[in-house]
Number of protein chains: 2
Amino acid sequence: MANLLTRKLEAFAPLSEADRHLLDAVIREARDVGSREDLIREGDAPGDVRLILAGFACRYKRLADGRRQIMAYLVPGDFCDLHVFILKAMDHTIATLSPCRVVEIPRRRILEMPERPALARALWWAALVDEATLREWLVNIGARPAEQRVAHLLCELLLRLRTVGLTNHDSYELPITQTELADTVGLTNVHVNRVLQRLRGDGLITLRGKHLVILDVERLNAFSGFTPNYLHLAAPNSVAEQSH
Amino acid sequence: MANLLTRKLEAFAPLSEADRHLLDAVIREARDVGSREDLIREGDAPGDVRLILAGFACRYKRLADGRRQIMAYLVPGDFCDLHVFILKAMDHTIATLSPCRVVEIPRRRILEMPERPALARALWWAALVDEATLREWLVNIGARPAEQRVAHLLCELLLRLRTVGLTNHDSYELPITQTELADTVGLTNVHVNRVLQRLRGDGLITLRGKHLVILDVERLNAFSGFTPNYLHLAAPNSVAEQSH
DNA sequence: CGTACTATTGATAGATATCAACGCTGGTGG
DNA sequence: CCACCAGCGTTGATATCTATCAATAGTACG
């Protein structure tokens, strides 16, 4: 299996053999983290750069009334905090949603990237896509009704997971609870439950346990208003399918 | 009057005399743009870097049903697109909300920044703060009820405008329509209108025309759950007051 | 002094949250 | 291996919030 990270970064532009080797080296010393553990907390000083190799993690904030808002999903190939080390304190918490495999990359590894222009650009790209995704989530929560909101999220995840080879045709594993889904789209767990039932009823998806199948991608895209432009993928059609 | 941009960047860390001169030079050739003009549109290729010197602008996306979501306010001292030139196409539109004064900074000016570490770090910081603000907006829209939502926005703007010297005690000019406010917090213009009335009725603010007065900052902060940590300001108390 | 936004108000509809309960499942300890 | 427990998904009834629709009143501006 190809290195997950190179695979993702090459969705932007090809890398040299040397760059790929460097990325391989970076990924060696991963560790496993259990489900629902905080990786770094709001207020902590940012340390090394973390990269998710397997599992789902998220960024979130908790409000005074106990409500929590998930602001990003981190899926395999995503960096937790590529550039934050400039800042003195984290302004949000990062936690696993499922069991995860995580690498910690020494800060200096990242700092020496400028010597490798293609790699540096690829990391830039990754950071810009993260930000663009955040903007799209804002649109999603701010302007779309409940059903299109969760549908949109499912469409986005299909593409993101596909670029790292974690889809099987139009299905993937979504190791997330309905309550967590609710915290990400700004709805109640009860309401999310009903929304999912309606999406199932409309023949758009199948979701049993943690296994999601999108029955008609075109229709789900159209329904939710999903357009992948904000993911800034180089060649939308060139991504190969691969089951884990 | 001190250079607005240096003033903002020094909210992160002091700059050298040379750096400040460079920023002064960058700002010379500004142009005026009318209200409600698009500066760059979704789909366009990013060009030079733009910086707002006066007035309010915003990032927004428009959905198929005509609804629009504003994803960021750009106030004086804010960059429109610091690093996007890596990408091939804009994924959102940037437009003025009021008459604005804008500089276009040649891309190469930005690219030579790495030779000035303090400056480079300051620009990094600005970009990270933009992203952190975006996250906070997501929390705002996703998890806070209507009144706290708009209250929170007003609290944020007070601080952001203060760091560039555009506040007068606890008041500032908010050259924005209620409908635009509605498009940013994900509510209806009618509802925003009622929310504002309640905030007025509770003695929290005064808003006549475009002039906003926050009557009790502490209370508004507490009410809306505002904490400025995500703005990553170096010295919260050291900012001087200055009326325009 | 019209004209066109913008702000405001009232009445009503619709969406989403809240509250409460129940069944299912997977894991865990006896 | 079974009994228990806790978390998760599901359902129903109801309350609350926010949107919609429609109209009127300010306000700015040519």
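Proteins get letters first, then strands, A, B, ... in listed order; numbering begins at 1 in each.
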N/O contacts under 3.5 Å, protein versus nucleotides 25-27 of chain C?
none

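With no hydrogens or angles considered, a side-chain donor-acceptor pair links A:Glu42 and B:Asn229 at under 3.5 Å.
Taking the six-membered ring for Trp, A:Tyr230 and A:Trp137 have ring centres at least 6.0 Å apart.
Taking 4.0 angstrom as the limit, B:Gln197 places none of its side-chain polar atoms (N or O) nearer than this to OP1 or OP2 of C:dA7. Under 4.0 angstrom from either OP1 or OP2 of C:dT18 there lies at least one side-chain N or O belonging to A:Arg67. When the side-chain nitrogen and oxygen atoms of B:Asn193 are compared with OP1 and OP2 of C:dA7, none of them lie within a distance under 4.0 Å.
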Distance-only donor-acceptor pairs under 3.5 Å for side chains of residues 185-195 of chain A, two or more places apart:
from, atom 1, to, atom 2, distance (Å)
A:Asn193, OD1, A:Gln197, NE2, 2.4
A:Asn193, ND2, A:Gln178, OE1, 3.0

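Along DNA chain C, the nucleotide nearest B:Ile176 and the nucleotide nearest A:Ala146 are compared for position; the residue whose nucleotide lies closer to the 5' end is B:Ile176.
Residue B:Arg200 is classed as a sugar-phosphate contact, given heavy-atom separations below 4.0 Å to backbone atoms only. Backbone-only contact: B:Thr177 has heavy atoms under 4.0 Å from sugar-phosphate atoms and none from a base. Among the atoms of the strands shown, none is found under 4.0 Å from any heavy atom of A:Gly209.
Put simply, the side chain of A:Asp170 reaches to within 4.5 Å of the side chain of A:Arg162, judged on heavy atoms.
In the interface, the side chain of A:Arg194 is paired with the base of D:dG12 through a donor and an acceptor atom under 3.5 Å apart.
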- Query: Please walk me through it: do B:Leu51 and B:Asp78 pass side-chain contact (heavy atoms from CB on, under 4.5 Å)?
  - Reply: CA-CA 6 Å; B:Leu51 171 71; B:Asp78 288 343; 5.8 Å; no
